[in-house]
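Written out below as structure tokens is the structure these notes cover.
Note that ligands are numbered from 1 as they come in the structure, with each ligand's atoms numbered from 1 the same way. Worth knowing before you read on, the calculation uses all heavy atoms, side chains too, and leaves out hydrogens, waters and symmetry mates.
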Amino acid sequence: MAGFSITKAAPNDLKKKPASGVELGFGRIFTDHLFLMEYDQGQGWHHPRIEPYRPLSLDPAALVLHYGQEVFEGLKAYRWPNDEIYLFRPRMNYERLNRSAKRLCMPELDVELALEATCQLIRLEKDWVPAAPGTSLYIRPNMIATEAALGVQISKKYLFYIMLGPVGAYYPQGFNPVNIFVTEKYIRAARGGLGEAKTLANYAASLLAQEEAHEQGYTQVLWLDAIERKYAEEVGTSNIFFYLGEELVTPPLSGTILPGVTRDSVLHIARHWGLKVSERMIGLDEVISALESGKLKEVFATGTAAVISPVGKLAHHEKIFLINGGQVGELSKKLYDHIVGIQYGKIKDPYGWVERVA
Ligand SMILES: Cc1ncc(COP(=O)(O)O)c(C=O)c1O
């Protein structure tokens with residue numbers, strides 16, 4: 001598929017960019033253009049193009065609206081001190097998108113084409129990439145089933161699009177620990193389900209638990225396994241790590257959790273630093289007894305949004321446990337500084353993870 005057509009927004013239609021210093025928040029501001037392409041069974045992906053940002057037009061019977069055939073991704077572009085713009089391990093996101101698509105019976109994308117589309121769109125929207133510390137341009141690729149049909153079935157038509165928007169620093173007030181609530185009442189995913197796919201149903205399933213945790217003053221929910229409700233799985237929309245004694249533990253990729261890009265990066269870095277790293281099941285009973293014996297040093301979550309999110313407090317069975325005295329741990333801080341340093345070009349990338357866009 002050669003080249004993309006680009007239709008630029010008329011100068012009068014360009015949006016006003018937020019002034020520097022304005023709190024950008026997350027996911028409320030979108031740039032001036034979208035990348036779009038369609039898929040039809042028998043024809044494959046076609047008509048790749050960049051167009052002015054606009055609402056989508058969908059038949060009310062579009063299958064995505066009824067049976068949830070949708071997959072998406074989330075990654076960021078970072079402005080370096082020299083004004084160049086970089087992505088962090090973007091192929092991993094498009095490879096994960098393809099695995100999610102396969103699980104939802106949706107067509108896969110050519111990873112290189114999707115990456116080229118992302119880069120072209122970012123180049124066009126370069127001035128939207130914010131420069132303030134900790135800010136970035138969020139990239140949201142999305143694939144939806146568009147065939148109009150009300151019987152439960154696999155769609156024969158899809159739309160893939162990429163939208164962009166500047167987002168603020170996750171920690172505008174500094175690197176802070178979060179409080180988490182262990183839920184036994186709700187589950188996020190069971191083996192054989194959709195847990196390892198980045199698809200809308202997983203997020204819909206999480207809302208009520210998240211809401212109840214918020215009502216009780218907690219930031220996030222710690223999800224347990226669906227069968228025994230005993231083993232840690234994920235925290236909110238992040239992966240989870242426990243630093244016990246000399247061992248860094250994270251739950252294994254057994255189908256129920258999202259294989260995070262940040263999770264993979266932390267595992268890689270920790271091994272590179274010579275830490276003992278285990279991808280194994282870890283029960284809440286083990287976590288609590290390690291806490292009580294003083295062996296549990298740190299707990300942190302990992303994800304594109306916050307990179308590392310230290311856990312300060314854990315509520316479980318009516319009890320509240322303080323982790324590392326509610327303070328940010330040494331390893332959490334070191335990992336955060338290392339990854340963020342690489343993403344923003346402040347330290348040299350020894351792993352070949354960053355890719356220049358513009
Ligand atoms: C459910 C869930 N788990 C984990 C993650 C962390 O993944 P990543 O590090 O690729 O952002 C995310 C965010 O994408 C998520 O939505």
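Ligand 1 lies under 4.0 Å from heavy atoms of Arg96, Arg188, Lys198, Tyr203, Glu234, Thr237, Ser238, Asn239, Leu258, Gly260, Val261, Thr262, Thr302, Gly303, Thr304.
In terms of modelled atom types and a separation under 3.5 Å, the side chain of Asn98 and the main chain of Glu108 share no donor-acceptor contact.
The side chain to side chain contact (heavy atoms under 4.5 Å, CB included) test with Phe241 is passed by exactly one of Val311, Leu331, Thr302: Thr302.
With sequence neighbours excluded, no residue forms a salt bridge (charged side-chain N to carboxylate O under 4.0 Å, His left out) with Arg191.
The number of heavy atoms from other shown groups lying within 6.0 Å of NZ (Lys276) does not exceed 12.
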- So Glu84 and Tyr86, side-chain hydrogen bond (donor to acceptor under 3.5 Å, both in side chains) or not? Walk me through it. CA-CA 7 Å; Glu84 291 175 357; Tyr86 284 80; 2.8 Å; yes

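Of the charged side-chain nitrogens involved, none lies within less than 4.0 Å of a carboxylate oxygen, so that Asp337 and Lys346 do not count as a salt-bridged pair.
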